[in-house]
Novice: 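Input: one structure, supplied below.
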Amino acid sequence: MSRVLVIGIDGLSYRCLINEAQGKLPNVEWLMHRSCYGPMISVLPLLTPPNWTSAYTGVNPGKHGVYGFIKIGYNYEKKLVDNRTRGIDAVWNILSREKIGNLIFNIPFTYPPEKVEGIFVSGGFFIDPRNYTYPTEVVNILRRLGYKRYNLSKYVLSEYIDKAVEQTRLIGEAYRYLMENYDWRFGIVVFHNYDSAMHKFYGLENYDLPNNIMELHNYPLHLLKIIDEEIGKILKLMDKDDTIIIHSDHGFQKLSWELHINTILLKNGLLSVKGSKTKNFLRKLGIRRGSRLFKYGVKWLYSKLPYKYKFSLQQKLPTGELGFFDIDWERTSAAQTIKLIGEMMINVKGKYKYGIINPDQYNDLVEKIKVVLNRYRYNGHKPINRVFHRTELFSGPYTDKAPDLIIHMNMGYAASDLIIDPPLKKLETKFDWDTPISLIPRIGAHSLEGFFMVKSPYTKERHISRINIMDITPLILYFLNIKIPYYMDGIVPGDLFTEDYVPVEKEIYSKKYGYTYRAKKVKEKLKRKRGY
């Protein structure tokens, strides 16, 4: 029987692939000339967890409940979330019920591991290195292969450069071993380190830095070439009748400006600041991220901490500016909650400890904030593209778990939860080879346009205008001749296929989820061609 293999590249944009990597990725480009390919549109918020989750569930975040790495607790603390947040089946759950063998490897935000028909190796942050696979004995197999899970955020720049390349090669080597030694019909492997390299170095040539640092603007492409080499080795293990899908979770853009959303709210009487006693005390001692004392005193120790402890410390250690944890919640109506991505919470009574907004005030406040932000201009700049209420973007049982407002920024601008005047600040970056990678400023940010490619005996060799990331799972199920659940938002795009394609039609209307799609029964001729 033919197989379906999905290769994920975290952060690969169609624009970067076509404009900046053309002629430099022989294996990906060989596939492109034999594939149906084009840009892929991500879901908002533009974060890794909701997009990989939408890709492998086929639904919008309102139906799976994953909106990011964190959620704001009752006491305004930022809590890390994990794979258990997902409230709906992923494609590997559906296929496991059909007794189809899975080979799932390193998808971000998939810890803890899930019981599947086959093998499941978790990916993402804050993973227990002793228990991140199903079955559990796969940990020992990976250990014998020399596979390592590096927490790259704890390394200084000079160490990070080689470790990211090494881990990329280890992912490819481990996955090929599992491909050759275990039965499977469906597989996913994700190469994730390209994303962090783009955050730190994409557009570095636009900054004034020493020549030996400036050379790092080529590092994301270097890492992409390593990924291309690993893909080439994987392709040698595939048969001509197999289906290969390559896609990303989002694209990337170069940043020039940072907009401090909370400063705008402060100026419009929607937010107040008082600061915490602990942070004020640490500031007086000169202990804050970016300070001279921090740089030469505790930075090294901070960089070595496990991610979950580092995350907790970040909430207590002050920066040079005021931020989310300096807000006076008893006098605040709304606040931006996360750096780089525009997510905003409304301080609702009952939902938060010091909530001040009554339910009957909620809609009026939402409209007021949308007007304030959509009209915002600064010295000719229009940083904000559009502000959405969650009900404009999401539908499903978990819509009320979403951030109240999603701010979609224009290209070149990032949102920030810092409180700095003036609200719009030109981005700067300065570091050396001894700087921990976690402390290097982000000058690249996610964009809506990712990349998609599918090579199959049943698809055309052509460029397509675009697909949606939610279409990935319906496509996988279609290729494996599995019925597509009625609740999925994604579709099987008909313009990908040759004349043997069996089209889909609107078949079920659900009052809860709206119009969705399911494949027609496959013709006997096509069944025989696909080996079922």
Novice: For Phe120, give me all partners under ring-ring contact (aromatic ring centres under 6.0 Å, His included), at least two apart in sequence or on another chain.
Specialist: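 Counting only residues at least two positions away or on another chain, Phe120 forms a ring-ring contact (aromatic ring centres under 6.0 Å, His included) with Trp92.
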Novice: Kindly say whether Ile346 contributes a backbone atom to a donor-acceptor pair with the side chain of Asp404 at under 3.5 angstrom?
Specialist: yes
Novice: Not counting sequence neighbours, which residues clear ring-ring contact (aromatic ring centres under 6.0 Å, His included) with Phe105? List them please.
Specialist: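 Phe105 satisfies ring-ring contact (aromatic ring centres under 6.0 Å, His included) with Tyr147, Tyr175 only.
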Novice: Using a 6.0 Å distance limit plus a 45 degree cone around the ring axis, check whether Arg149 lies over the aromatic ring of Tyr132.
Specialist: yes
Novice: Between Lys351 and Asp400, does any NZ, NE, NH1 or NH2 come within less than 4.0 Å of an OD or OE carboxylate oxygen?
Specialist: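 No salt bridge links Asp400 with Lys351.
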Novice: Does the structure place the NZ or CZ of Lys254 under 6.0 Å from the centre of the six-membered ring of Tyr202, at an angle of no more than 45° from the ring's axis?
Specialist: yes
Novice: Distance only, no hydrogens: is a donor on one side chain within 3.5 Å (strictly under) of an acceptor on the other, for Asn27 and Glu229?
Specialist: no
Novice: For His446, check ring-ring contact (aromatic ring centres under 6.0 Å, His included) against everything at least two apart and list the hits.
Specialist: His199, His250, Phe252
Novice: Going by an N to O cut-off under 4.0 Å, is there a salt bridge joining Arg86 and Glu114?
Specialist: yes
Novice: For the pair Glu392 and Arg390, find out whether any cationic side-chain nitrogen is under 4.0 Å from an anionic carboxylate oxygen.
Specialist: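 Salt bridge flag = no for Arg390 with Glu392.
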Novice: Give a yes or no on whether the backbone of Gly62 and the side-chain of Asn60 come within a donor-acceptor separation of less than 3.5 Å.
Specialist: yes
Novice: Can a side-chain donor-acceptor contact be found between Asn131 and Thr136 if the only test is distance below 3.5 angstrom?
Specialist: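 There is no such pair between these side chains.
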Novice: Classify the angle between the aromatic ring planes of Trp52 and Tyr56 as parallel (below 30°), tilted (30 to 60°) or perpendicular (above 60°).
Specialist: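 Because their plane-to-plane angle is under 30°, the rings of Trp52 and Tyr56 count as parallel.
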Novice: Is it true that a side-chain atom of Ser54 and a backbone atom of Val59 form a donor plus acceptor pair closer than 3.5 Å?
Specialist: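 Flag set: sc Ser54 to bb Val59 pair under 3.5 Å.
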Novice: Quick check with a 6.0 Å cut-off and a 45 degree axis cone: is Lys460 positioned over the face of Phe497's six-membered ring?
Specialist: no
Novice: Indicate yes or no: does Lys233 engage Glu230 in a salt bridge with an N to O separation below 4.0 Å.
Specialist: yes
Novice: Could you go through Ser438 and Ser153, starting from their C-alpha distance and side-chain angles, then the distance that decides it, and tell me whether this counts as side-chain hydrogen bond (donor to acceptor under 3.5 Å, both in side chains)?
Specialist: CA-CA 5 Å; Ser438 61; Ser153 65; 5.7 Å; no
Novice: Does the Tyr194 side chain pair with the main chain of Leu12, one donor and one acceptor, at a distance under 3.5 Å?
Specialist: no
Novice: Before you tell me yes or no, could you show the steps for His192 and Phe109 under ring pair (Phe, Tyr, Trp, His ring centres under 6.0 Å), namely the whole-Å CA-CA distance, both residues' side-chain angles and the distance that decides it to 0.1 Å?
Specialist: CA-CA 11 Å; His192 66 283; Phe109 202 73; over 10 Å; no
